[in-house]
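Because the structure is predicted, anything quoted here is derived from the model rather than measured.
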Amino acid sequence: MIQAAAATAERFPDAAGKPPAGSEFAPLLRTVRGQGLLDRRTAWYTLGIAVNALALGAAVTAVVLLGDSWWTLLLAPLLAVLSARTAFIGHDAGHAQITANRTLSRAIGLVHGNLLLGMSYAWWNDKHNRHHANPNHIDKDPDVAADVLVFTSDQARTRAGFRRWLTRNQAWLFFPLTLLEGLALKVYGFRDLRRQPPRERAVEGLLLLAHVTGYATLLLTTMSPGKAVAFAALHQALFGLHLGLAFAPNHKGMDMPDPDADERWGHLRRQVLTSRNIRGGPVTDWFLGGLNYQIEHHLFPSMPRPHLRLAQPLVRAHCRDLGIPYTETGLVDSYRQALRHMHEVGEPLRA
């Protein structure tokens, strides 16, 4: 689904069906396409997938060799980082960045999502596709729907009981809550099986069960139950934290389209005004999986990850010429801005 949405966003960014000759996005799209930045990077991804697979295999082998020792827990942070790398590959497959072949993209996504992470590829694609279509739109973006966290004062006013306490303190609780994200992603995937058609449900469900069975078998056959639980808790907590660190800066605290407004943003403004880029070098690019170029990623979802930094100067210059704010900040400041927004949303409940 998300492959089609990615292609549609680039070819038909506006509701009218195609970018008109005078649209804000069309000239940028022509420039980016003309420079080959939408071309696939098959060799780059093939190497990355192979290296990630070898690293995962080495980490699992090390767990087996160390066995029933507390020293084995030192491998949990490494496995958390590799799990995040695996998630980034699945994310890119869902956006058709790796290949234009839908069957192959789905296979890559199922292996890296369901089998290796226990995270439903179909669930993630459906949710992420809706987010990309309408980022930060309170009625259409599932990422800003009222759940554990809320993102508007209107959402905060409806909170009661324990959720009201959560909202009052959500800025302080945000990063501790991400420690549960690794487990939550698995739960969401199993719950989503009910929504899926029978054939898709069978494949997704079997792969999710294979992950849980393989993961439990690995830990319980190499270490005592206590150490196995400790390893799993540390691994999943750090995996969730890593994903939280990668996704938190992207949209929180940025503009949120007014669902009642008559004026509709075109594709360029809808994606640029709701997204935030993170400055940094190769280490930042690696750690955040390329999501630090969030503006470029949202404008061109199927653009291969290594091309995002090359497109950035073109996008920034285009926005400058049109007078459209282009938001870019440092990593620490991005977290400060996101947490400040969540703190302000909960302010009325602390009065």
Side-chain angles (χ1 to χ4, degrees), residues 1-2 56 76-77 79-91 93-94 106 109-132 141-151 155 159 161-163 165-167 169-170 173-220 225 228-248 250 252 289 342:
M1 178 182 289
I2 205 164
L56 282 172
L79 196 58
V81 172
L82 293 176
S83 296
R85 309 312 303 170
T86 303
F88 292 146
I89 293 171
H91 167 271
R106 182 168 182 260
L110 287 170
V111 168
H112 288 81
N114 296 55
L115 183 61
L116 295 180
L117 297 178
M119 171 180 156
S120 170
Y121 177 71
W123 166 78
W124 171 258
N125 266 4
D126 176 70
K127 176 177 179 289
H128 200 56
N129 182 53
R130 288 183 284 132
H131 159 69
H132 264 265
D141 182 358
D143 287 0
V144 293
D147 193 6
V148 177
L149 304 175
V150 300
F151 302 95
Q155 290 176 328
R159 307 290 265 186
F162 178 65
R163 286 178 178 265
W165 178 84
L166 276 178
T167 300
N169 300 282
Q170 63 179 2
L173 294 171
F174 176 75
F175 284 113
L177 285 171
T178 63
L179 298 174
L180 301 174
E181 186 67 13
L183 178 61
L185 291 172
K186 294 174 172 56
V187 173
Y188 293 146
F190 275 102
R191 286 171 51 185
D192 188 65
L193 291 175
R194 294 173 295 180
R195 177 193 63 84
Q196 299 172 18
R199 181 175 296 182
E200 186 174 80
R201 183 189 307 139
V203 174
E204 291 257 344
L206 285 173
L207 289 173
L208 290 176
L209 287 173
H211 169 82
V212 172
T213 302
Y215 188 70
T217 300
L218 170 67
L219 298 187
L220 292 174
V229 170
F231 185 98
L234 185 59
H235 170 213
Q236 298 302 324
L238 293 179
F239 170 51
L241 178 62
H242 191 159
L243 291 185
L245 290 170
F247 284 96
N250 299 340
K252 292 175 177 61
M342 287 188 283

Expected list for residues 175-190: side-chain donor-acceptor pairs under 3.5 angstrom, two or more places apart:
unit_1	atom_1	unit_2	atom_2	d
Thr178	OG1	Phe175	O	2.5
Lys186	NZ	Leu117	O	3.0
Lys186	NZ	Gln236	OE1	2.9

Atom [atom1] in [X], atom [atom2] in [Y]: separation rounded to 0.5 Å?
| X | Y | atom1 | atom2 | result |
| --- | --- | --- | --- | --- |
| Trp123 | Glu204 | CH2 | CD | 11.5 Å |
| Thr213 | Leu218 | OG1 | CG | 12.5 Å |
| Ser120 | Glu200 | OG | CD | 7.5 Å |
| Asn125 | Asp192 | CG | CG | 10.5 Å |

| field | Backbone N/O of Met342 and side chain of Gln170: donor-acceptor pair under 3.5 Å | value |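 The answer is yes, because a donor-acceptor pair under 3.5 Å joins these two groups.
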| request: Give a yes or no answer on whether the side chain of Arg201 reaches the backbone of Arg195 with a donor-acceptor pair at less than 3.5 Å. | output: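 Judged by distance alone, no pair lies under 3.5 Å.
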What are the two closest heavy atoms between [X] and [Y], and how far apart are they?
| X | Y | result |
| --- | --- | --- |
| Ala246 | Phe88 | CB-CZ, 4.0 Å |
| Gly109 | Ala93 | N-CB, 4.0 Å |
| Ala228 | Leu220 | CB-CD2, 3.8 Å |
| Gln155 | Ala145 | NE2-C, 3.8 Å |
| Asp143 | Phe151 | O-CE1, 3.4 Å |

Residues in ring-ring contact (aromatic ring centres under 6.0 Å, His included) with [X], at least two apart?
| X | answer |
| --- | --- |
| Tyr215 | His211, His235 |
| His112 | none |
| His131 | His128, His251, His298 |

Show me the side-chain donor-acceptor pairs of residues 237-244 shorter than 3.5 Å, one per line, residues at least two apart or across chains.
unit_1	atom_1	unit_2	atom_2	d
His242	NE2	Phe287	O	3.0

| Are Leu56 and Leu79 close enough that some pair of their side-chain heavy atoms sits under 4.5 Å apart? |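 Yes. Closest side-chain heavy atoms under 4.5 Å.
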| task | Could I get the full list of salt bridge (charged side-chain N to carboxylate O under 4.0 Å, His left out) partners for Arg130, not counting sequence neighbours? | result |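 With sequence neighbours excluded, Arg130 shows a salt bridge (charged side-chain N to carboxylate O under 4.0 Å, His left out) to Asp126, given in chain and number order.
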| Taking the six-membered ring for Trp, is the centroid-to-centroid distance between Tyr121 and Trp124 below 6.0 Å? |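 Distance test on ring centres: not under 6.0 Å, no.
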| request: I would like to know whether Leu110 and Leu115 meet side chain to side chain contact (heavy atoms under 4.5 Å, CB included); could you show each step before the answer? | output: CA-CA 6 Å; Leu110 287 170; Leu115 183 61; over 6 Å; no
